[in-house]
K.L.:
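Starting off with a structure, shown below.
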Amino acid sequence: MSPSAVPAVRDRLRIAIQKSGRLGEPARALLASCGLAWRESRDRLFCYGETLPIDLLLVRDDDIPGLIADGTCDLGIVGRNVLLEQAGERARTGAAATYREWRALGFGGCRLAIAVPDEWRWDAAGDLAGKRIATSYPALLSQWLAAQGIDAEVVTLSGSVEIAPRLGKADAICDLVSSGATLAANHLKATETLLQSEAVLAGPIAPFGDVRAELAALLLRRLDAVLGLKDSKLLMFQADSIDVPALMQLLPDAERPTVLRVDGSDRVALQALCRGAMTWQRLEDLKRAGADALLVLPVERMLA
Ligand code: ATP
Ligand code: ZN
């Protein structure tokens, strides 16, 4: 076997993230909240992990799936839309799948949707038969059209898809939508949703055969702890012990509540980690059911 055929053993994990754009900053912030810190290279394209041997490569989001596929990077943070589009494109050319979504990360939310001119009296997806649809997501659109049994023409554009109908290049578009403001400004309205997307951690299908496996497992453990804590709050209150069963009914998301008797009385102090959002409405419901001296505290870190 020639030396180049021996897979290189690597002792650092390399994660590709978007250099700028919508996902760059939140991706870095999420990794930083997992305890990672870096020293940036002068050209600001590479960040050397200082707290752990986990480095960042800052790139265009469209390059991320390819960098994982060719092994330049081990993991990546990218929109599900980009990951699935490129996986679809690879599948179409007969290439084997080498990466997959490891975790959904809860930011960069948007959907890939069909949008049509405002004046189109939309009835059903079948209305698209025989029409031209402009998109930067030809693989996902073609898959969806095939699944719906619709024969339409896919017009692939690399950008400014939303102006294609006005330019007479297409009858409808298939593009990412979050607030819908861009569509409205272009006199378009969203109809069918093809995909719900958000930023995801992508990684290889095959396990790492070296120390990167332990680094990846450590990162996932910390990510799960951070993501699981997102809306979590520590809730504390006092109540008459007789009211506790009714109060617990209002707290289906309370984990391992601690109930302590308040000395020399029938009252208890209760403390629980709640996973759901602790809104004013919920606090008022608890108060009505007998809770008192309610306190909601942020949870900084948790290691189960
Ligand atoms: P790059 O320069 O890295 O190629 P880009 O212009 O292709 O950047 P952005 O516009 O920053 O990419 O979008 C990155 C990702 O953000 C999208 O792939 C998508 O997953 C997500 N996203 C969230 N909301 C929206 C939106 N309203 N429009 C476009 N993308 C969105
Ligand atoms: Zn891009």
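Both ligands and their constituent atoms are indexed starting at 1 by order of listing. Predicted model, so just to flag it, every value in this text is computed and none were measured.
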K.L.:
Show me which atoms of ligand 1 lie under 4.0 Å from any heavy atom of Gly21.
P.N.:
11 (O)
K.L.:
Counting only heavy atoms, tell me which of Gln18, Arg22, Glu85, Arg60 gets closest to atom 8 (O) of ligand 1.
P.N.:
Gln18
K.L.:
At less than 4.0 angstrom from any non-hydrogen atom of Val82, what atoms of ligand 1 do you find?
P.N.:
18 (O)
K.L.:
Using a 4.0 Å cutoff against the non-hydrogen atoms of Gly109, which atoms of ligand 1 qualify?
P.N.:
23 (C), 24 (N)
K.L.:
Give the atom numbers and elements of ligand 1 that come within less than 4.0 Å of a heavy atom of Leu23.
P.N.:
15 (C), 16 (O)
K.L.:
Closer than 4.0 angstrom, basic N to acidic O: yes or no for Asp127 and Arg121?
P.N.:
no
K.L.:
Check this for me: Leu260, atom CG, are more than 12 non-hydrogen atoms of other residues, nucleotides or ligands nearer than 6.0 Å?
P.N.:
yes
K.L.:
Heavy-atom count around Lys189 NZ within 6.0 Å, excluding the residue itself: above 12?
P.N.:
yes
K.L.:
Using a strict 4.0 Å threshold on nitrogen-to-oxygen distance, state whether Lys287 and Glu284 make a salt bridge.
P.N.:
no
K.L.:
With heavy atoms only and a cut-off of under 4.0 Å, state how Asn81 meets ligand 1: side chain, backbone, both or neither.
P.N.:
side chain
K.L.:
Got a salt bridge between Lys169 and Glu153, using NZ or NE/NH1/NH2 to carboxylate O under 4.0 Å?
P.N.:
no
K.L.:
Answer yes or no for atom 12 (O) of ligand 1: protein heavy atom present at a distance under 4.0 Å?
P.N.:
yes
K.L.:
Is atom CG of Asp151 surrounded by more than 12 heavy atoms (other residues, nucleotides or ligands) closer than 6.0 Å?
P.N.:
no
K.L.:
Donor-acceptor pair, distance only, cut-off 3.5 Å: does the side chain of Glu85 make one with the backbone of Leu140?
P.N.:
yes
K.L.:
Would you check the N or O atoms of Arg80, main chain and side chain alike, for any that come under 3.5 Å of an N or O of ligand 1?
P.N.:
no
K.L.:
Side chains of Gln281 and Asp285: do they bring a donor and an acceptor to under 3.5 Å?
P.N.:
yes
K.L.:
Specify the protein heavy atom at minimum distance from atom 27 (N) of ligand 1: its residue, its atom name, and the distance to 0.1 Å.
P.N.:
Ser178 OG, 2.6 Å
K.L.:
Determine, for Tyr48 and Arg12, whether the Lys NZ or Arg CZ falls below 6.0 Å from the six-membered ring centre while staying within 45 degrees of the axis.
P.N.:
yes
K.L.:
Asp171 pairs by salt bridge (charged side-chain N to carboxylate O under 4.0 Å, His left out) with which of Lys131, Arg132, Arg166?
P.N.:
Arg132
K.L.:
Test of understanding: given a 4.0 Å heavy-atom threshold, classify the contact between Thr182 and ligand 1 as side chain, backbone, both, or neither.
P.N.:
neither
K.L.:
Just to be sure I read this right, does ligand 1 sit under 4.0 Å from the backbone of Asp62, its side chain, both, or neither, counting only heavy atoms?
P.N.:
side chain
K.L.:
Counting only heavy atoms, which portion of Cys110 has something under 4.0 Å from ligand 1: side chain, backbone, both, or neither?
P.N.:
side chain
K.L.:
By atom name, which N, O or S atom of Asp61 is the nearest to the Zn ion (ligand 2)?
P.N.:
OD1
K.L.:
Please state which protein non-hydrogen atom is closest to atom 30 (N) of ligand 1 and give its distance, to 0.1 Å?
P.N.:
Leu176 CD1, 3.3 Å
K.L.:
Which ligand 1 atoms does Gly79 reach within 4.0 Å, using its non-hydrogen atoms?
P.N.:
20 (O)
K.L.:
Would Arg22 and Asp61 pass as an ion pair if we require N to O under 4.0 Å?
P.N.:
no
K.L.:
Among all protein heavy atoms, pick out the one at the shortest distance from atom 7 (O) of ligand 1; state its residue, atom name and that distance to 0.1 Å.
P.N.:
Asp61 OD1, 3.3 Å
K.L.:
Between the Zn ion (ligand 2) and Asp62, which N, O or S atom of the residue is the nearest one?
P.N.:
OD1
